[in-house]
2 protein chains.
Amino acid sequence: MKLAEIRNKLVAKGLRVSPQRLSIFEAIIKLNNHPTADDIAEFIKKDHSNIATGTVYKVLESLVSNGLIKKVKTERDVMRYDAILDIHHHLYCAESDFIKDYYNNEINELLSEYFKKNGIPGFEIEDIKLQINGKFLQED
Amino acid sequence: MKLAEIRNKLVAKGLRVSPQRLSIFEAIIKLNNHPTADDIAEFIKKDHSNIATGTVYKVLESLVSNGLIKKVKTERDVMRYDAILDIHHHLYCAESDFIKDYYNNEINELLSEYFKKNGIPGFEIEDIKLQINGKFLQED
DNA sequence: GTATGTGCAAACTTTTTGCACTTCG
DNA sequence: CGAAGTGCAAAAAGTTTGCACATAC
């Protein structure tokens, strides 16, 4: 995703384009393994200018509440963030607390077809995500 | 689940049967909406005897690492706990941060059949959970 | 110029830890 | 009795908040 694209997304939501917003958004995309607030802060401090921790949280919050990124949580005790790129699922290894995105349209269709036929009473489905738990093998 | 049953589960894992373990385990089952450590502590302090916060965390940790309960996390910032009763999925409403268990064997079979045919390269699947996001309608 | 965003540090919340004491088996 | 578990209080970790200052538009 190019900078101009990010800029557009911010503008489209009525958010001002500050360098902090840009670099946080960029960081999430580049650090694409579901970074924590701390990962993001470090990344920015390393490659770019300085940024306050409080700002990182405030910006993340505004991006989340504007639907530009998502919060992801694992069994560990920190929040992780995820750019919203596409419908994807998560492969998760509890042992290493490592999350990897998993794309599979066949599954998406299988599920959406199933739930189109059989809804869930008392619940309005917005989207479905798989959390596939297990272990990563060598080649990762 | 009866007390005797809980007792057995503890013994089976080589854990000692302390009143704290029993009441924490019981609390998770009774407070069956994925209670937080704090919910559990309050519940125990109300209905039964006193318990230290540190103990609650220590006991939860031992139950989790012995596979007797599970940690569940939502987008909010506290950890929740879940008795392991059966294969189930979660209906989740981000707005209210409310989680409800969802049982559906048809889906389980659909998925396990699918992944039996088409594995995921580099990943060994242990189990699959659906997180179905959306909104609860009135009758909840 | 003004509403919005940022930096900073202090406060808050949740979870962890260490150690003396207690209890299960 | 001894190993395992608990209470307590202090500390760590993660996140939020308030307010003065800065900046995007």
Side-chain angles (χ1 to χ4, degrees), chain A residues 3-4 6-27 34-45 48-66 68-69 71-81 97, chain B residues 3-4 6-28 34-45 48-66 68-81 97:
Chain A
L3 259 173
I6 296 177
R7 193 180 295 270
N8 285 343
K9 290 199 173 207
L10 292 175
V11 173
K13 295 291 180 177
L15 296 173
R16 288 194 182 168
V17 181
S18 69
Q20 290 85 345
R21 288 223 171 107
L22 285 176
S23 43
I24 286 175
F25 209 143
E26 229 191 329
H34 314 88
T36 62
D38 207 56
D39 294 337
I40 295 167
E42 260 186 54
F43 179 85
I44 292 173
K45 282 175 188 161
H48 312 295
S49 54
N50 197 45
I51 194 165
T53 313
T55 302
V56 174
Y57 282 102
K58 281 175 193 161
V59 169
L60 287 171
E61 171 51 31
S62 80
L63 295 181
V64 168
S65 68
N66 281 283
L68 295 176
I69 62 172
K71 286 188 177 184
V72 189
K73 265 199 164 175
T74 69
E75 295 177 8
R76 303 289 170 94
D77 60 352
V78 285
M79 197 71 77
R80 291 168 180 280
Y81 297 86
D97 195 47
Chain B
L3 259 173
I6 297 176
R7 195 181 294 269
N8 285 342
K9 290 200 173 208
L10 293 175
V11 173
K13 296 290 180 180
L15 296 173
R16 286 193 184 170
V17 181
S18 69
Q20 290 86 345
R21 289 228 171 102
L22 284 176
S23 43
I24 286 175
F25 209 144
E26 229 190 328
I28 296 173
H34 314 88
T36 62
D38 206 55
D39 294 337
I40 295 167
E42 260 186 52
F43 179 85
I44 292 173
K45 282 175 186 160
H48 311 295
S49 55
N50 196 45
I51 195 165
T53 312
T55 303
V56 174
Y57 282 102
K58 281 174 194 162
V59 168
L60 287 172
E61 171 51 31
S62 79
L63 295 181
V64 169
S65 67
N66 281 282
L68 295 175
I69 63 173
K70 280 232 169 196
K71 286 188 176 183
V72 188
K73 264 200 163 172
T74 70
E75 295 177 9
R76 304 288 170 94
D77 61 350
V78 286
M79 197 70 75
R80 291 168 181 280
Y81 297 86
D97 194 47

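Each chain gets a letter, A, B and so on, in the order its sequence line appears, and its residues count up from 1.
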Would you mind reporting whether B/N50 and B/K45 have side-chain heavy atoms less than 4.5 Å apart?
yes
Side chain of A/T55 (C-beta onward), nearest among C/dT14, D/dT6, C/dT6
C/dT6
Between P of D/dC25 and NZ of A/K13, the distance in whole Å:
17 Å
Below 4.0 Å: OP1/OP2 of C/dC8 and any side-chain N or O of A/N50
yes
Under 4.5 Å between any side-chain heavy atoms of B/R80 and B/K70, yes or no?
no
Interatomic distance where CG belongs to A/L60 and P belongs to C/dG5 [whole Å]
14 Å
Assess whether side-chain contact (heavy atoms from CB on, under 4.5 Å) is satisfied between B/I6 and B/L68, documenting all intermediate values.
CA-CA 10 Å; B/I6 297 176; B/L68 295 175; over 6 Å; no
CA sep, side-chain torsions, deciding dist, call: B/D38, B/T53, side-chain contact (heavy atoms from CB on, under 4.5 Å):
CA-CA 8 Å; B/D38 206 55; B/T53 312; 5.9 Å; no
One would report the end-axis bend of the helix from C/dG1-D/dC25 to C/dG25-D/dC1, five pairs per end and rounded to 10 degrees, as 40°
Quick check on DNA chain C: between B/M79 and B/S18, whose nearest nucleotide comes earlier from the 5' end?
B/M79
Hey, mind stepping through B/I40 and B/I51 against side-chain contact (heavy atoms from CB on, under 4.5 Å) and telling me if it holds?
CA-CA 10 Å; B/I40 295 167; B/I51 195 165; over 6 Å; no
Can you check whether A/R16's main-chain N or O pairs, donor with acceptor, with A/R21's side chain at less than 3.5 Å?
yes
Checking C/dT6, D/dC8, D/dG7 against the side chain of A/R21 (C-beta onward), the nearest is C/dT6
Could you walk me through whether A/H34 and A/Y81 pass the side-chain contact (heavy atoms from CB on, under 4.5 Å) test, one step at a time?
CA-CA 5 Å; A/H34 314 88; A/Y81 297 86; over 6 Å; no
Nucleotide D/dG14, atom P - distance to CZ of A/R80 in whole Å
10 Å
Could you state the CG-P distance from B/L10 to D/dA4, rounded to the nearest angstrom?
15 Å
Starting at the 5' end of DNA chain C and moving along, which residue's nearest nucleotide shows up first, B/V17 or B/E61?
B/E61
Ranking D/dA3, C/dT6, D/dC8 by distance to the side chain of B/R16, first place goes to D/dA3
What is the distance, to the nearest angstrom, from the OH atom on B/Y57 to the P atom on D/dA11?
19 Å
Is the distance from OP1 or OP2 of C/dG7 to the nearest side-chain N or O of A/Q20 less than 4.0 Å?
yes
Whole-Å gap separating C1' (C/dG7) and CD1 (A/I24)
12 Å
Could a donor-acceptor pair under 3.5 angstrom be found where the side chain of B/K58 meets the base of C/dG18?
yes
Send over the distance from B/L15 CG to D/dA4 P, rounded to a whole Å.
11 Å
Would you kindly give the NZ-to-C1' distance between A/K45 and C/dC8, to the nearest whole Å?
11 Å
